[in-house]
Enquirer: 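Below you will find the structure I want to go over with you.
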Amino acid sequence: MSKNKAMKDFINISDFTSADLAQLLDLAIADKKLFRAGALPKTLQNKTLAMIFEKPSLRTRVSFETAMSQLGGHAIYLTQADIGLGKREPVKDIARVLGRICDGIMARTFSHDMVVELAAHSPRPVINGLTDWSHPCQAMADLMTVQETFSSLKGRTMVFIGDGNNVARSLGFACAKLGMKFILSSPEGYELDEASSQAMLEMSPESYRLERQPMVAVKHADAIYTDTWVSMGQEQERAKRLSDLSEFQINAKLLSAAPRHAIVLHCLPAYRDHEITDEAFELHAATIMEEAENRLHFQRTLLNVLLADS
Ligand code: CP
Ligand code: NVA
């Protein structure tokens, strides 16, 4: 796949055409097979990726770092304590310096504007590794898992149970772009913002629906998704969130209302007996772990596309 002009950075799913996203998924699935056959070429030799983390991470850090190493390149882990993004040094200076020395930047920040600012000033690609607003790499790994399971995405139904957060937003946009129905089941006050849900509906009238009753929402689900009720940065709202979202749990009762073929997905980390019971999690652990592994395969493909000629 050659990088089109609009594809300098990877910041929001909504920045890309349906065709670009579909092509990225097909390529990631093909690359995964090549990788498993030991036949994936080392296309990023001597390239470096700067990875900025304002928040903790297991999957994002390990998958980006591993992907760079598998392609013959190198990743550099930078925490807020190391570089003082916007404090020790202005964001635009960090973007320009890293964009000179490295071949790409991956950033996980609180503020989404921070990643947008990095991209505006970096001459090299910037990849969003999660902000308070979105988590596009996660959504792509998620839909990669759905595509591998059902062979195609068109017409399939994704049901997200719980907090309409960064993960839900990116997933909703990815579903809308790739011809899936997205049903969000959240209590009042935890829906996606109006602009995002409207934008999804404009992509296709069937792409977004809010259903307050989780048991109704999952009735025609092909995939059921959940994420933590307390995202990074929301720790002080923990007690209220756990109480407000307590009826929006993936458990045996909810799964009994879903079709037997429905898969369960979770971006992880998973908080047992909050958004999902241990029983429901373990029943679907094989798919959830494939989804986690797909972070590596999707991001390796993305790095290849963005950094190969950067
Ligand atoms: N799903 C995900 O992004 O995991 P980490 O927070 O561990 O990177
Ligand atoms: N919504 C969660 C996702 C963690 C991968 C958060 O932002 O903390």
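Treat the numbers as computed from the prediction; the structure is a model and nothing was measured. Order of appearance sets the numbers: ligands from 1, and atoms from 1 within every ligand. Numbering of residues begins at 1 and proceeds along the displayed sequence.
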Enquirer: To the closest 0.5 Å, what do you measure between CG (Leu265) and CG (Asn294)?
Expert: 10.0 Å

Enquirer: Given 3.5 Å as the limit, does a donor-acceptor pair link the side chain of Gln213 with the main chain of Met215, or not?
Expert: no

Enquirer: One pair to check against ring-ring contact (aromatic ring centres under 6.0 Å, His included): His266 and Tyr225. What are the steps and the verdict?
Expert: CA-CA 6 Å; His266 193 309; Tyr225 201 111; 7.1 Å; no

Enquirer: Has the side chain of Arg212 got a donor or acceptor atom that lies under 3.5 Å from a matching backbone atom of Pro187?
Expert: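 Yes, because the side chain of Arg212 sits within donor-acceptor range (under 3.5 Å) of the backbone of Pro187.
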
Enquirer: Residues around ligand 2, heavy atom under 4.0 Å from any ligand atom, sorted by chain and number. Can you pull those?
Expert: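 Protein residues near ligand 2 are Leu130, Asn165, Asn166, Val167, Asp227, Thr228, Ser231, Met232, Leu268.
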
Enquirer: Counting only heavy atoms and a distance below 4.0 Å, can you name the residues contacting ligand 1?
Expert: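 Lining ligand 1 at under 4.0 Å, by heavy atoms, one finds Ser57, Leu58, Arg59, Thr60, Arg108, His135, Gln138, Cys267, Leu268, Arg295.
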
Enquirer: Look at the rings of Phe298 and Phe10 and say which category their plane angle falls in: under 30° parallel, 30 to 60° tilted, over 60° perpendicular.
Expert: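 Correct class here is tilted.
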
Enquirer: Quick one, Leu118 and Asp9 - any side-chain contact, counting heavy atoms below 4.5 Å?
Expert: no

Enquirer: Exactly one of Asn166, Asn12, Asp132 should register a side chain to side chain donor-acceptor pair (under 3.5 Å) with His112. Which one does?
Expert: Asn12

Enquirer: Can you spot which of Arg169, Lys240, Arg241 makes a salt bridge (Lys or Arg N to Asp or Glu O under 4.0 Å) with Asp163?
Expert: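 Checked Arg169, Lys240, Arg241 against Asp163; only one passes salt bridge (Lys or Arg N to Asp or Glu O under 4.0 Å): Arg241.
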
Enquirer: Quick one: are Met180 and Thr157 in side-chain contact, heavy atoms under 4.5 Å?
Expert: no

